[in-house]
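The block underneath contains the structure these notes are about, expressed in structure tokens.
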Protein chains: 2
Amino acid sequence: MTEPGTTTPRERYRAQVRAEIKERAREQIATAGASALSLNAIAKQLGMSGPALYRYFTGRDELITELIRDAYRSLADTFGTVVRSGSGADLAALAHALRDWALADPQRYFLIYGTPVPGYHAPDDTTAIASEIMTFLLDACAELPAAAAPSAFDRHVEEHRRWADGHPAPPAALHRALSFWTRMHGILSLELAGHFTGMGFDAAQLFTAELDDLLAP
Amino acid sequence: MTEPGTTTPRERYRAQVRAEIKERAREQIATAGASALSLNAIAKQLGMSGPALYRYFTGRDELITELIRDAYRSLADTFGTVVRSGSGADLAALAHALRDWALADPQRYFLIYGTPVPGYHAPDDTTAIASEIMTFLLDACAELPAAAAPSAFDRHVEEHRRWADGHPAPPAALHRALSFWTRMHGILSLELAGHFTGMGFDAAQLFTAELDDLLAP
DNA sequence: AGGTTCAGTTAGAGGCTATCACGACGAGGT
DNA sequence: ACCTCGTCGTGATAGCCTCTAACTGAACCT
């Protein structure tokens, strides 16, 4: 009997093959997009034939779901190291970390924030990681000086702060977190999709301009 | 000989079948996403068998490209009627028209602004329509009162205003147009993708709050 | 040593895009 | 009225894909 905490050779082998499959899948997605991901092609790269992969994943959907989960995890970890190793919960630092993370692998970003496929519903644990990410944002927003008077949306979000999951941030901070999220995503999404190419201006400068404007008032 | 300007019965028939194919394609995309678009399924719906569709479109890619073109055209026309029938170039009116247009068919919005497929490059005429859309935004931004002092990004965009295609708007207006685009897209994209579902707050109120903030200073 | 578990194989069903060669039919010219 | 030619739609076929099922062989455990 295998003792708890140890891994049998079979388990180690299985884990390693699973990891290798995911690695190839990541490469495919990075170069050709998630819609072009082919289990057959991955199997061929690994020197085995098609159906063998179904020993490791129940199907194409589970593989993609796993990659989505990893993407969420990676972003949450990135924020985590920024907060831990940097100067605490700094919204500007999180913003630049987010941008770097997105530019490092655009298709990974779109795995999370890209076009949704109508039928698909994300598993529960990804939403858990999403709220972990949101907590980093809320922490950073709570550190900022509060604005002058509470706006109409501040009052609205105060009545619907369930999504903040008990975070003690004041309503203006909740509002600012949502603003941060949507504004950074707006620029990044358009930039990564190439909608700025050929326009001539520097997307990085637009990003920091928007960030400064968000932090200013 | 057919006179120029008239249409032969064959041409009319051809145009009608093309339109019907596109109609079914729109339905499929709206309900299952662009990745699920199947020429075979469309042919079956029209009562003909597979390869017949290749008389009307050179392939799946051309059909999708055509739908993207139509989506751009539809958005430009929507902005056009807002400007023409409404109170001129009103940024808030454009914003709400954009939101209504996006909510009416989310997958059509993602056809334009969704996850890009790495190989694909949009044809030239769509970028022409895109700049037509941008012109509506610039017109509206030029009408607004100018902000106090020009920001750093205002100066940057002043040096790279080629994309504005000779539009006489001041740099602050160019900046505001970019801000408008990215901020509205940020909210709409996340809302349409379902990232707000379960969070409890009202996306419409967030949208108007962001819009007010954008118009305020 | 023997039974069990599991990885990987081939075969095959059913879906898709796309090409090709063929029949059928309507439109136009004579 | 006839004939020709362009065009529409067909079935057959190749080559992808996902995924299932049955089978082989080796590693593992007792």
Side-chain angles (χ1 to χ4, degrees), chain A residues 1-25 27-29 31-68 117-120, chain B residues 1-25 27-29 31-68 117-120:
Chain A
M1 195 66 316
T2 63
E3 316 222 337
T6 67
T7 59
T8 68
R10 273 207 169 143
E11 283 171 343
R12 269 183 290 141
Y13 178 77
R14 187 176 174 76
Q16 200 215 317
V17 175
R18 257 184 87 101
E20 200 157 351
I21 293 170
K22 282 163 63 174
E23 186 54 40
R24 302 294 174 175
E27 291 172 12
Q28 277 196 15
I29 288 182
T31 62
S35 63
L37 183 130
S38 154
L39 294 187
N40 257 338
I42 293 174
K44 211 161 292 180
Q45 283 185 342
L46 298 191
M48 37 186 176
S49 246
L53 297 199
Y54 289 82
R55 295 275 170 201
Y56 300 94
F57 295 91
T58 65
R60 192 176 176 273
D61 282 6
E62 192 193 289
L63 176 54
I64 290 185
T65 297
E66 186 75 14
L67 296 176
I68 293 175
V117 39
Y120 185 80
Chain B
M1 193 75 304
T2 64
E3 316 221 338
T6 67
T7 60
T8 67
R10 273 209 164 134
E11 283 172 345
R12 270 183 289 141
Y13 177 76
R14 187 177 173 77
Q16 201 214 318
V17 174
R18 257 183 88 99
E20 200 158 350
I21 292 170
K22 281 164 65 176
E23 186 52 41
R24 302 294 174 178
E27 291 173 13
Q28 278 196 13
I29 289 182
T31 62
S35 63
L37 183 130
S38 155
L39 294 188
N40 257 339
I42 293 175
K44 212 160 291 179
Q45 283 185 342
L46 298 192
M48 36 187 176
S49 242
L53 296 199
Y54 289 83
R55 295 277 174 200
Y56 300 93
F57 295 93
T58 65
R60 191 176 178 274
D61 282 5
E62 193 193 288
L63 176 55
I64 291 187
T65 297
E66 185 75 15
L67 296 175
I68 293 175
V117 37
Y120 184 81

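Chain letters run A, B, ... following the sequence lines, proteins first and then strands; every chain starts at 1.
- Residue Tyr13(B) places at least one side-chain N or O closer than 4.0 Å to OP1 or OP2 of dG9(D).
- Of the possible donor and acceptor atoms, one in the side chain of Arg60(A) sits under 3.5 Å from a partner among the backbone N and O of Leu37(A).
- Out of dT10(C), dG26(C), dG9(D), the shortest distance to the side chain of Met48(B) is found at dG9(D).
- Using a 4.0 Å cut-off, some side-chain N or O of Ser38(A) falls inside it from OP1 or OP2 of dC17(D).
- Minimum atom distance to the side chain of Asn40(B) is reached by dT17(C), of the listed dC19(D), dT17(C), dA27(D).
- Minimum atom distance to the side chain of Arg55(A) is reached by dA7(C), of the listed dA7(C), dC16(C), dC8(D).
- At dC17(D), none of the side-chain N or O atoms of Arg60(A) fall inside 4.0 Å of OP1 or OP2 (strictly under the cut-off).
- A side-chain contact (heavy atoms from CB on, under 4.5 Å) with Val17(A) holds for exactly one of Lys22(A), Met48(A), Arg55(A); it is Met48(A).
- Nearest to the side chain of Arg14(A), among dC16(C), dA7(C), dT10(C), sits dA7(C).
- Rounded to a whole Å, the CD1 atom of Ile21(A) is 12 Å from the C1' atom of dA7(C).
- Two residues, Tyr54(A) and Tyr56(B), neighbour DNA chain D, and the one matched to the more 5' nucleotide by heavy-atom proximity is Tyr56(B).
- In this entry the distance linking CG of Leu46(A) with C1' of dG8(C) reads 13 Å, nearest Å.
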